[in-house]
Structures are given as C-alpha cells and as structure tokens.
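Heads up, the thing below is written out as structure tokens.
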Amino acid sequence: MKQLRLLTKIYVNKKETLAHFRQVILEELRDLSVTINAINYDSSGFIILTLEGEDEIAASNYLETLFGRSIPFAEIKEGQTLRGYICSSGKVGFGLFIDIGI
C-alpha cells in the first residue's frame, strides 16, 4: 500500500471537487492494476491518496508527474528544483510567494 500527498489543493466545494478529482484519477489510471483505497485531503487542502495493487509504484510515479508531490522538509536538498504554485503576490507589499507543499 502506497500513500501519496499530491501537490494539488482543494479550495472550495471540497466534497464535490474531491469526487471530481477521484474520477479524473480513475480515468488516468484505467489501464493500470491499481485500486484507490482512500482519497481525502489534509488540513491544508492537499489531496492524499492511498493506492494498492500490482502497479501502485507506477501509478504513484505517474500521478506525481501529473500533479506533483508534496515533499517533507527533511527530504529537500540544497539546490534542488521544486514544483509549486503561486499562492500570493504582494499582499504584504512585496514579493511573490510559492506554495511547495511543505
């Protein structure tokens, strides 16, 4: 069983959005031998999946490529390029802020 925290957030209509996202993921993984045991979101809104099956590693890698993966702070290395989303620009009077899922 593989758990994956995607770098995709749910902001509004969480129940509906999660149901739609589940359908998108099922369509993307239709040719793989994998089952989605759980799909939920954490307190920050990031989607968390639990995958199980013969192709769970391939499915996990593919979903990471499509949606990104939230990386724990301890795994980040100096000079590493990370994927993220703009979450704010200039609200405090300066800067561009990127959410990388930490």
Side-chain angles (χ1 to χ4, degrees):
M1 199 173 322
K2 172 100 174 143
Q3 188 172 38
L4 177 66
R5 183 176 184 240
L6 297 176
L7 190 59
T8 301
K9 274 188 169 182
I10 296 179
Y11 294 98
V12 294
N13 300 328
K14 293 186 179 192
K15 204 174 211 179
E16 290 176 36
T17 305
L18 196 60
H20 175 72
F21 196 76
R22 180 183 188 87
Q23 291 303 314
V24 169
I25 291 172
L26 287 171
E27 180 64 25
E28 290 294 336
L29 302 179
R30 71 184 176 278
D31 295 330
L32 297 176
S33 179
V34 66
T35 303
I36 299 173
N37 285 348
I39 181 168
N40 215 330
Y41 55 90
D42 64 12
S43 61
S44 299
F46 288 103
I47 294 175
I48 300 171
L49 296 169
T50 304
L51 305 170
E52 186 173 19
E54 190 175 314
D55 295 329
E56 69 185 42
I57 294 174
S60 175
N61 290 339
Y62 180 61
L63 292 174
E64 284 180 30
T65 301
L66 289 177
F67 302 107
R69 176 177 70 95
S70 178
I71 300 170
F73 186 75
E75 291 180 21
I76 296 175
K77 296 175 180 67
E78 185 176 336
Q80 181 178 3
T81 301
L82 300 172
R83 187 175 182 178
Y85 297 95
I86 297 172
C87 59
S88 159
S89 61
K91 284 185 180 177
V92 293
F94 63 91
L96 183 66
F97 299 90
I98 310 294
D99 188 345
I100 60 172
I102 296 177

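Everything numeric in this text was worked out from a predicted model, so none of it was measured. For this chain, numbers begin at 1 and follow the sequence in order.
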Show the nearest heavy-atom pair for residues D55 and S33, with the distance to one decimal.
OD2-N, 2.7 Å
List the steps, then state whether side-chain contact (heavy atoms from CB on, under 4.5 Å) holds for E52 with V34.
CA-CA 6 Å; E52 186 173 19; V34 66; 5.9 Å; no
Just wondering, are more than 12 heavy atoms of other shown residues or ligands nearer than 6.0 Å to [atom1] in [X]?
X	atom1	result
L26	CG	yes
K2	NZ	no
E28	CD	yes

Side chains of [X] and [Y], heavy atoms from C-beta outward: is any pair under 4.5 Å?
X	Y	result
I47	F21	yes
Y62	L29	yes
R5	S44	yes
I36	I25	yes
L4	I48	no

Straight-line distance of [X] [atom1] to [Y] [atom2], nearest 0.5 Å:
X	Y	atom1	atom2	value
E16	L18	CD	CG	11.0 Å
R69	L63	CZ	CG	12.5 Å
L49	Q3	CG	CD	9.0 Å

Does [X] use its side chain to pair, donor to acceptor, with the backbone of [Y] at less than 3.5 Å?
X	Y	answer
E56	G53	yes
D42	F46	yes
T17	V12	yes

Hydrophobic clustering (ILVMFWY, side-chain heavy atoms < 4.5 Å, transitive) - are F67 and I57 grouped together?
no
